Amino acid sequence: MKHAGPQALDELEPILREIRKVDGLTEKKRGTFYHRGIAMLHFHEDPAGFFADLKVDGEFIRLAVNTKREEAEFLRRATTALRAVVSRRPKSDA
């Protein structure tokens with residue numbers, strides 16, 4: 001599974017716009033997000049579709065982002081986990 005390329009990131013742009021709203025994250029390159037130099041989120045593409053690798057409790061988990069339902073679930077989990085890291089709160093419900 002390869003990292004998402006420019007065309008895949010174009011398709012994922014609505015998701016990227018939502019993630020960019022989380023204060024405290026840095027998008028070092030398009031679609032790759034860090035907090036204080038620690039990788040937190042990036043995307044992959046594969047014949048099965050698009051996937052996000054999201055760091056939760058210090059480990060990456062892979063989430064599909066191919067349907068509206070998957071996108072909504074991903075955004076809920078990602079914003080919860082990322083905001084928890086940025087604010088240093090416990091990462092519950094992620």
Side-chain angles (χ1 to χ4, degrees):
M1 187 172 294
K2 70 177 191 166
H3 283 264
Q7 188 172 9
L9 292 170
D10 287 346
E11 292 184 49
L12 293 168
E13 186 60 33
I15 292 172
L16 299 178
R17 279 194 300 269
E18 291 301 313
I19 296 299
R20 290 178 186 127
K21 293 177 184 177
V22 178
D23 288 334
L25 293 180
T26 302
E27 189 174 14
K28 287 196 174 184
K29 76 175 195 182
R30 188 171 178 222
T32 303
F33 296 88
Y34 287 76
H35 174 65
R36 295 188 176 171
I38 298 171
M40 298 303 298
L41 171 66
H42 59 271
F43 295 88
H44 293 276
E45 63 179 303
D46 155 301
F50 301 129
F51 298 87
D53 283 355
L54 171 66
K55 190 172 280 185
V56 177
D57 294 328
E59 300 289 327
F60 278 104
I61 60 169
R62 182 159 288 163
L63 300 164
V65 288
N66 298 295
T67 66
K68 292 296 179 191
R69 185 179 198 154
E70 289 171 347
E71 288 177 15
E73 176 66 9
F74 162 74
L75 284 170
R76 183 191 67 76
R77 293 183 73 180
T79 55
T80 298
L82 295 170
R83 287 182 177 138
V85 168
V86 170
S87 68
R88 298 187 184 270
R89 289 179 293 138
K91 297 172 217 57
S92 61
D93 194 34

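None of the values given here were measured: they were computed from a predicted structure.
The structure places CG of Asp53 at 8.5 Å from CG of Leu63, a figure rounded to the nearest 0.5 Å. Between Thr32 atom OG1 and Leu9 atom CG the span is 7.5 Å, to the nearest 0.5 Å. The structure places CD of Glu71 at 4.0 Å from CD1 of Ile15, a figure rounded to the nearest 0.5 Å.
For Glu13, the side chain to side chain donor-acceptor pair (under 3.5 Å) partners two or more places apart in sequence, or in a different chain, are Arg20, Arg30. Residues satisfying the side chain to side chain donor-acceptor pair (under 3.5 Å) criterion with Lys2, sequence neighbours excluded, are absent altogether. Qualifying salt bridge (charged side-chain N to carboxylate O under 4.0 Å, His left out) partners for Glu11, counting only residues two or more places apart in sequence or in other chains: none. Under the salt bridge (charged side-chain N to carboxylate O under 4.0 Å, His left out) criterion, Lys29 pairs with no residue, sequence neighbours left out. Shown here are the salt bridge (charged side-chain N to carboxylate O under 4.0 Å, His left out) partners of Arg17, two or more places apart in sequence or in another chain: there are none.
The two residues Leu54 and Ala78 come nearest to each other via the heavy atoms CD2-CA, 3.6 Å. Nearest heavy-atom pair across Thr80 and Arg76 is OG1-O, 2.9 Å. Nearest heavy atom pair, residue Glu45 against residue His3, reads OE2-O, 3.8 Å. Here the shortest heavy-atom pairing between Val56 and Ala81 reads CG2-CB, 4.1 Å.
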Should Met40 and Leu82 be marked as a side chain to side chain contact (heavy atoms under 4.5 Å, CB included) after you check the CA-CA gap, both sets of side-chain angles, and the distance that decides it? CA-CA 8 Å; Met40 298 303 298; Leu82 295 170; 3.7 Å; yes

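Annotation: side chain of Val85 is not in contact with side chain of Lys55 (no heavy-atom distance under 4.5 Å).
The cluster map of Ile, Leu, Val, Met, Phe, Trp and Tyr, joined by side-chain heavy atoms under 4.5 Å apart, puts Tyr34 and Leu41 in different clusters. Met1 and Leu12 sit in two unconnected hydrophobic clusters of ILVMFWY residues. Membership requires side-chain heavy atoms under 4.5 Å apart, directly or through other members.
Using a distance-only test at 3.5 Å, with no hydrogens or angles considered, a donor-acceptor pair links the side chain of Ser87 to the main chain of Arg83. At least one donor-acceptor pair under 3.5 Å links the side chain of Glu27 to the backbone N or O of Gly31.
Each ring pair (Phe, Tyr, Trp, His ring centres under 6.0 Å) pair with one or both residues in residues 52-81, not counting sequence neighbours, appears once here: His42-Phe60, Phe43-Phe74.
For Arg62, the CZ atom counts as densely surrounded, since its 6.0 Å shell holds more than 12 non-hydrogen atoms of other residues, nucleotides or ligands.
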